[in-house]
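Since the structure comes first, as structure tokens, the remarks are kept for the end.
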Amino acid sequence: MNYKSSVIIIEVECGLSQTTEITDRILVGKGTTCVRNSQPWQVALFDGASFQCGGVLISSQWILTAAHCNHKRYWVRLGEHNLRKLDGTEQIRKTGSSVTHPGFQPRSLIHDHDLRLMKLLTPVRITSAVRPLALPTACPTPGTLCLVSGWGKTRPQNERHPDQLQCLSLTIASNNTCHTAFPGKITENMVCAGGSVPGQDACNGDSGGPLVCDNVLQGLVSWGNGCGQLGTPGVYVKICKYLDWIQKTVKKN
């Protein structure tokens with residue numbers, strides 16, 4: 001089993017770029033380039049010049065990402081489309097405090113509670129390109145069509161990540177499908193999506209990014225077994241199980 005994080009070294013001088021995968025994987029395969037700024041809640045998390053993970057803006061000052069994206073401080077790029085070009089809609093912020101879910105155990109064989117809240121030092125300006133995503137009021141149901149987005153790999157064997165944000169429609173998988181694919185690994189805090197069409201999945205670089213269903217955040221890209229294998233869905237943090245924790249943590253901080 002592998003988490004779906006990755007590191008991309010981006011050099012912007014002279015228009016050159018270099019992509020280097022260092023750790024685990026997560027990608028969107030057979031997706032399409034998103035309509036520019038159609039996912040205004042999508043964020044890109046950077047450690048210096050290195051792209052680390054995706055994330056989701058849930059308020060003007062708070063971001064959700066995967067706990068296994070384990071840097072304490074990030075540079076956050078919002079309003080992004082092309083990571084290697086100036087889009088003109090970007091806002092750049094630095095994270096301050098962050099709170100990892102207390103139940104997350106990075107060395108556990110069960111990848112449960114894989115989420116972290118991060119507070120921006122300065123609130124964002126709400127624009128058409130930078131806007132929070134609503135949290136759910138109910139859990140997703142199997143068969144619901146959702147959208148996952150990210151700058152993860154578009155081919156598992158390809159070292160290069162796309163410059164532009166990719167979008168892919170996936171269907172929420174049934175509990176039976178999820179448990180069959182990952183026996184003994186799925187908890188009530190996880191939801192599976194995809195797996196019915198080969199090559200359609202999240203992959204390296206998509207960790208912490210949003211799974212959006214009916215215009216609310218239902219999942220965060222978390223882990224899986226490879227990328228895009230038929231019968232093997234991707235596994236996402238089930239956000240509806242964490243509403244109390246999110247609300248209490250934001251209020252406390």
Side-chain angles (χ1 to χ4, degrees), residues 1 3-5 26 28 39-43 45 53-69 98-105 108 110-119 131-150 167-182 184-196 201-202 206-224 232-253:
M1 304 299 168
Y3 287 121
K4 297 185 173 183
S5 59
I26 282 203
V28 175
Q39 311 302 308
W41 39 79
Q42 175 84 46
V43 303
L45 302 180
C53 283
V56 191
L57 185 71
I58 60 169
S59 76
S60 63
Q61 206 167 358
W62 285 92
I63 285 169
L64 268 175
T65 190
H68 75 264
C69 299
S98 66
V99 184
T100 301
H101 192 280
F104 178 66
Q105 311 236 346
S108 173
I110 305 297
H111 307 316
D112 209 5
H113 309 299
D114 185 19
L115 75 166
R116 171 182 289 121
L117 273 165
M118 298 187 298
K119 188 177 183 180
R131 178 164 53 86
L133 180 60
L135 297 177
T137 57
C139 293
T141 57
T144 301
L145 187 64
C146 305
L147 187 90
V148 63
S149 55
C167 285
L168 175 68
S169 294
L170 294 173
T171 300
I172 298 295
S174 68
N175 288 334
N176 183 59
T177 296
C178 199
H179 285 279
T180 299
F182 306 104
K185 302 290 186 181
I186 301 300
T187 75
E188 64 178 2
N189 305 309
M190 303 172 188
V191 62
C192 289
S196 60
D201 195 5
D206 293 326
S207 279
L211 181 69
V212 182
C213 313
D214 298 323
N215 299 312
V216 299
L217 178 65
Q218 289 286 11
L220 294 177
V221 177
S222 182
W223 62 279
T232 306
V235 186
Y236 298 76
V237 178
K238 198 172 188 178
I239 296 298
C240 64
K241 296 293 186 178
Y242 295 97
L243 298 179
D244 286 346
W245 178 78
I246 292 170
Q247 292 164 1
K248 289 177 181 177
T249 302
V250 169
K251 184 177 181 180
K252 183 178 179 180
N253 290 272

Taking all non-hydrogen atoms of both residues, which atom of [X] and which atom of [Y] are closest, and how far apart?
| X | Y | value |
| --- | --- | --- |
| G54 | T65 | O-OG1, 2.8 Å |
| P233 | A181 | CD-CB, 3.7 Å |
| L170 | A193 | CB-CB, 4.3 Å |
| Q42 | G209 | NE2-CA, 4.5 Å |
| G219 | Y236 | CA-CB, 4.2 Å |
| A138 | Q218 | O-NE2, 3.0 Å |

Spell out, as yes or no, whether a donor-acceptor pair under 3.5 Å connects the side chain of [X] to the backbone of [Y].
| X | Y | answer |
| --- | --- | --- |
| D114 | H68 | yes |
| R116 | A67 | yes |
| T171 | P142 | no |

Are [X] and [Y] packed together at the side-chain level, in the sense that at least one heavy-atom pair is separated by less than 4.5 angstrom?
| X | Y | answer |
| --- | --- | --- |
| S222 | L115 | no |
| V191 | P140 | yes |
| T232 | F182 | yes |
| F104 | D112 | no |
| M190 | I110 | yes |
| V148 | D206 | no |
| N189 | H113 | yes |
| V56 | V43 | no |

Determine, step by step, whether Q39 and S149 satisfy the side-chain hydrogen bond (donor to acceptor under 3.5 Å, both in side chains) criterion, reporting the C-alpha distance in whole Å, the side-chain angles of both residues, the deciding distance to 0.1 Å, and the verdict.
CA-CA 8 Å; Q39 311 302 308; S149 55; 4.6 Å; no
So how far is it from [X] [atom1] to [Y] [atom2], rounded to the nearest 0.5 Å?
| X | Y | atom1 | atom2 | result |
| --- | --- | --- | --- | --- |
| N215 | C146 | CG | SG | 10.5 Å |
| L117 | I58 | CG | CD1 | 5.0 Å |
| T187 | K241 | OG1 | NZ | 9.0 Å |
| H101 | L64 | NE2 | CG | 11.0 Å |
| M118 | W62 | CE | CH2 | 10.0 Å |
| T144 | I172 | OG1 | CD1 | 6.0 Å |

Test side chain to side chain contact (heavy atoms under 4.5 Å, CB included) on L220 and Y242; report intermediate values, then the result.
CA-CA 12 Å; L220 294 177; Y242 295 97; over 6 Å; no
Run the numbers on I239 and L211 for side chain to side chain contact (heavy atoms under 4.5 Å, CB included), then give the verdict.
CA-CA 10 Å; I239 296 298; L211 181 69; over 6 Å; no
Applying side chain to side chain contact (heavy atoms under 4.5 Å, CB included), run through V235 and K185 and close with a yes or a no.
CA-CA 10 Å; V235 186; K185 302 290 186 181; over 6 Å; no
Can you confirm whether D214 is buried at CG, in the sense that more than 12 heavy atoms of other residues, nucleotides or ligands lie under 6.0 Å from that atom?
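Result for CG/D214: open.
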Test side chain to side chain contact (heavy atoms under 4.5 Å, CB included) applied to C192 and T177, step by step
CA-CA 8 Å; C192 289; T177 296; over 6 Å; no
